Student: 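Handing you this structure, nothing more for now.
Worth saying up front: this structure is predicted, and the values here are computed from it rather than measured. Note on naming: letters A, B, ... go to the chains in the order of the sequence lines (proteins, then strands), and numbering restarts at 1 for each one.
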Amino acid sequence: MASESSSADAAQRAQVVTRFAPSPTGYLHIGGARTALFNWLFARHHGGRTVLRIEDTDRKRSTQDAIDAIIEGLAWLGLDYDAPPLFQSDRAERHAEVALQLLQAGHAYKCFATPEDLEAMREEQRAQKKPLRYDGRWRDRDLAEAPAGALHTIRLKTPNEGETTIHDRVQGFVTVRNEEIDDYIILRADGTPTYMLAVVVDDHDAGVTHVIRGDDHLNNAFRQLPIIRAMNEIEGHWPDPIYAHIPLIHGADGAKLSKRHGALGVEAYRDEFGILPEALFNYLLRLGWGHGDREEISRAEAIKLFDLGGVGKSPSRFDLKKLENLNGHYLREADDARLAQLVAERIGQQAEEELLTQAMPVLKVRAKNLNEVVEGAGFLFAKRPLVMTEKAGLLLEGDARVILRKIYECLKGENDWTSATLEATTKALAEEQGLGLGKLAQPMRAALTGSTTSPGIFDVLVLLGRDEALARLDAQAA
RNA sequence: GGCCCCUUCGUCUAAGGGUUAGGACGCGGCCCUUUCACGGCUGAAAUACGGGUUCGAAUCCCGUAGGGGUCACCA
């Protein structure tokens, strides 16, 4: 959208601040990763900054493992942020301070209702099929009526009349009647802040200009805005942020992404599926965002092209096949030594990185993920006698072993052990025998790799080296 | 249930009143070829439904259906 990127003046652009604010109750899942990506891209596109804030107000559910997984996942994807991560739990005092300001200015009030009172209230609302929301029982009540020594929460006094419209950069104009928003709790009875207060204060203090998050938060924007406007009234300089609520990602069956459907952490895509970070980056970028016919988009280009106007409004489904296709593309582009290292880690002890690097050009074109590269590399490190797959065994039936003997004898005399020479020699032999090249190549493949599929057979001969290759042929020849 | 959002091939998307509705993944076929891939060509495949507005609607409006989100002293 033109108004997104071109109408903002340079000074304003330099001030763009986005944030990624996960709650560390699990790994960095695919939806969170995409939210982080969009925030990062938007900030980079506008030459702004992005901050990472760990929303760990709920100490019971937050774990250090989850925090580590999130930070590691972001790093793996190359989504760096411009300041050390902020921990929301460190800022409880500041949150309480704002709650008190709100209270003193009459924008909030003490509520002495107990959890039991509230549950009873909801029960009745359910029975009467009425909307479930706080009924404002302490909103205008005289504090003298408060039970002596009782604990209280602090609730925001939200407007009851009129309506609020936000201009969401993805969802468009969204309007909600203010009566829909009840007086929710901003400070708990134990004095700790609730999420609703904490986000608003933290976003303001960090100078966040654009709140880009999942659209499960769209309703929250209407709850958070009253705090912002009240504080703006009290002390000024609390501008409304620009909101962009991006649609959620669903599983292949259209239902909300859950563990059952592969709402896995990004490390699972790295470790279990053998996905490259640049592939996941590109896939996530294209999931819910489009730019004409463009499919393969590099990191640098993504920064150049990304805009909120290209984000669709409907939820998108996760498709592993497409991710793998993209991964195949990036595998072919990736540096051979880098891949060799990644593959060696997976193979373990017997892997030789140097050999893998040498073999990588012919290995990687046949794979969609690192697991397939590992499989394809198996023949390089196999020990004699090779184990044959069933199909490979079949290739050695009939007169195949006799032919292998001839090939062995012929190649044994070959001193120039290069692909081109070996091919010429073998073709000459095939012609001399009146056979198609396949008649020789397939038994060779079986003898050399124990499999029916492999890189080109002359590449295999070279990679194995003269001695090992001849030994494998000899072992299977009649 | 209240409120909010969404709906183009199976999937990701393009087309912001006039196109044979385009591309990509996946699927089928052909070519290349020593296997498997890669690559190239090609085929099938969509505007949820019903009404309007308009000379003309995937596009604008209304309704219906379906899907999703959210309604905590969770975040």
Student: Applying side-chain hydrogen bond (donor to acceptor under 3.5 Å, both in side chains), can you list everything that pairs with A:Asp65, at least two apart in sequence or on another chain?
Tutor: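 Listed in chain order: nothing, the list is empty.
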Student: Quick test: give all pairs of protein nitrogen or oxygen and nucleotides 5-14 of chain B nitrogen or oxygen below 3.5 Å, distance rounded to 0.1 Å.
Tutor:
from  : atom 1 : to       : atom 2 : distance (Å)
B:C5  : O3'    : A:Gln171 : OE1    : 3.4
B:C5  : O2'    : A:Gln171 : OE1    : 3.1
B:C6  : OP1    : A:Lys313 : NZ     : 2.6
B:C12 : OP1    : A:Arg317 : N      : 2.9
B:C12 : O3'    : A:Gly288 : N      : 3.4
B:C12 : O2'    : A:Arg286 : O      : 2.8
B:C12 : O2     : A:Lys322 : NZ     : 3.4
B:U13 : OP1    : A:Gly288 : N      : 2.4

Student: Taking atom C1' in both B:A48 and B:U7, compute the distance separating them and give it to the nearest angstrom.
Tutor: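 Roughly 7 Å separates the two C1' atoms.
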Student: I need the minimum non-hydrogen distance between A:Leu287 and A:Arg34, along with the two atoms involved.
Tutor: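 Minimum heavy-atom separation between A:Leu287 and A:Arg34: O-NH1, 2.6 Å.
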Student: Sorted by first residue and then second, give each side chain to side chain donor-acceptor pair (under 3.5 Å) pair with at least one member in residues 447-462 of chain A; sequence neighbours left out.
Tutor: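 Residue pairs with at least one partner in residues 447-462 of chain A: A:Arg445-A:Ser454.
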Student: Given the P atoms of B:C6 and B:A44, what is the spacing between them in whole Å?
Tutor: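 34 Å, rounded to whole Å.
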Student: Do any N or O atoms of the protein come closer than 3.5 Å to N or O atoms of nucleotides 32-38 of chain B, and which pairs are they?
Tutor:
from  : atom 1 : to       : atom 2 : distance (Å)
B:U34 : O2     : A:Arg445 : NH2    : 2.2
B:U34 : N3     : A:Ile457 : N      : 3.4
B:U35 : O4'    : A:Gln442 : OE1    : 3.2
B:U35 : O2'    : A:Thr452 : O      : 3.0
B:U35 : N1     : A:Arg445 : NH2    : 3.3
B:U35 : O2     : A:Ser454 : N      : 2.9
B:U35 : O2     : A:Ser454 : O      : 3.1
B:U35 : N3     : A:Arg445 : NH1    : 3.3
B:U35 : N3     : A:Ser454 : O      : 2.7
B:U35 : O4     : A:Arg366 : NH2    : 3.4
B:U35 : O4     : A:Gly456 : N      : 3.3
B:C36 : O2     : A:Arg366 : NE     : 2.5
B:C36 : N3     : A:Arg366 : NE     : 3.3
B:C36 : N3     : A:Arg366 : NH2    : 3.0
B:A37 : O2'    : A:Val365 : O      : 2.5

Student: Which of these nucleotides, B:C4, B:C25, B:C73, is closest to any side-chain atom of A:Asn219?
Tutor: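 Closest nucleotide among those given: B:C4.
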Student: Looking at B:A75, B:G69, B:G2, which one has an atom nearest to any side-chain atom of A:Gln88?
Tutor: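 My answer, after comparing the listed nucleotides, is B:A75.
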Student: So does A:Asn220 reach the base of B:A75 with its side chain, donor to acceptor, closer than 3.5 Å?
Tutor: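 By the distance-only test, yes, there is a pair.
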Student: If the test is side-chain hydrogen bond (donor to acceptor under 3.5 Å, both in side chains), which one of A:Glu179, A:Gln125, A:Glu180 qualifies with A:Arg133?
Tutor: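 That would be A:Glu180; it is the only one of A:Glu179, A:Gln125, A:Glu180 passing the side-chain hydrogen bond (donor to acceptor under 3.5 Å, both in side chains) with A:Arg133.
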Student: Would you call A:Arg91 and A:Asp205 a salt bridge, taking side-chain N to carboxylate O under 4.0 Å as the test?
Tutor: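 So A:Arg91 pairs with A:Asp205 through a salt bridge.
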Student: Looking only at the aromatic ring of each residue, does the gap between the centers of A:Phe273 and A:Tyr283 stay below 6.0 angstrom?
Tutor: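 Ring centroids of A:Tyr283 and A:Phe273 are no less than 6.0 Å from each other.
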Student: Using atom P in both nucleotides, what's the gap between B:G68 and B:C25 to the nearest angstrom?
Tutor: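 My reading of the P atoms in B:G68 and B:C25 gives 29 Å.
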Student: For B:C49 and B:G10, measure between their P atoms and round to the nearest Å.
Tutor: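 Here B:C49 and B:G10 have their P atoms 12 Å from each other.
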Student: To the nearest angstrom, how far is A:Met121 atom CE from B:A72 atom C1'?
Tutor: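 Checked: the CE to C1' distance equals 10 Å.
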Student: Assuming nearest nucleotide by heavy-atom distance, tell me which of A:Arg177 and A:Leu118 is located more 5' along RNA chain B.
Tutor: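 The residue whose closest nucleotide sits nearer the 5' end is A:Arg177.
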Student: Is B:C27 paired to anything, Watson-Crick or G-U wobble with both distances less than 3.5 Å, and if yes, which nucleotide?
Tutor: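 Partner of B:C27: B:G43.
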Student: Taking B:A21 as the reference, what is the distance to B:C5 when you measure between their C1' atoms (whole Å, please)?
Tutor: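 Roughly 26 Å separates the two C1' atoms.
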Student: Taking ring pair (Phe, Tyr, Trp, His ring centres under 6.0 Å) as the definition, give me every residue that meets it alongside A:Tyr330, ordered by chain and number, with sequence neighbours left out.
Tutor: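 Applying ring pair (Phe, Tyr, Trp, His ring centres under 6.0 Å) to A:Tyr330 gives none.
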Student: Using the C1' atom as the point on both nucleotides, what is the distance between B:C9 and B:A15, in whole Å?
Tutor: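 My reading of the C1' atoms in B:A15 and B:C9 gives 15 Å.
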Student: Rounded to whole angstrom units, what separation is found between the CZ atom of A:Arg294 and the P atom of B:G23?
Tutor: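 Roughly 16 Å, once rounded to whole Å.
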Student: Round to a whole Å and report the spacing from CD of A:Glu119 to P of B:C71.
Tutor: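 A:Glu119 atom CD is separated from B:C71 atom P by 15 Å.
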Student: Report the residue (A:Pro131 or A:Pro22) whose heavy-atom-nearest nucleotide on RNA chain B is the more 5′ of the two.
Tutor: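 Per heavy-atom nearest nucleotide, the more 5' residue is A:Pro131.
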Student: So that I know where these two stand, are A:Trp289 and A:Phe306 an aromatic pair - ring centroids less than 6.0 Å apart?
Tutor: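 Yes, the ring of A:Trp289 comes within the 6.0 Å limit of the ring of A:Phe306, centre to centre.
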Student: Can you name the residues that form a side-chain hydrogen bond (donor to acceptor under 3.5 Å, both in side chains) with A:Thr25, not counting sequence neighbours?
Tutor: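 For A:Thr25, no residue satisfies side-chain hydrogen bond (donor to acceptor under 3.5 Å, both in side chains) once neighbours in sequence are set aside.
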Student: What's the CD1-C1' distance between A:Ile275 and B:C25, to the nearest Å?
Tutor: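 Rounded to whole Å, this separation is 14 Å.
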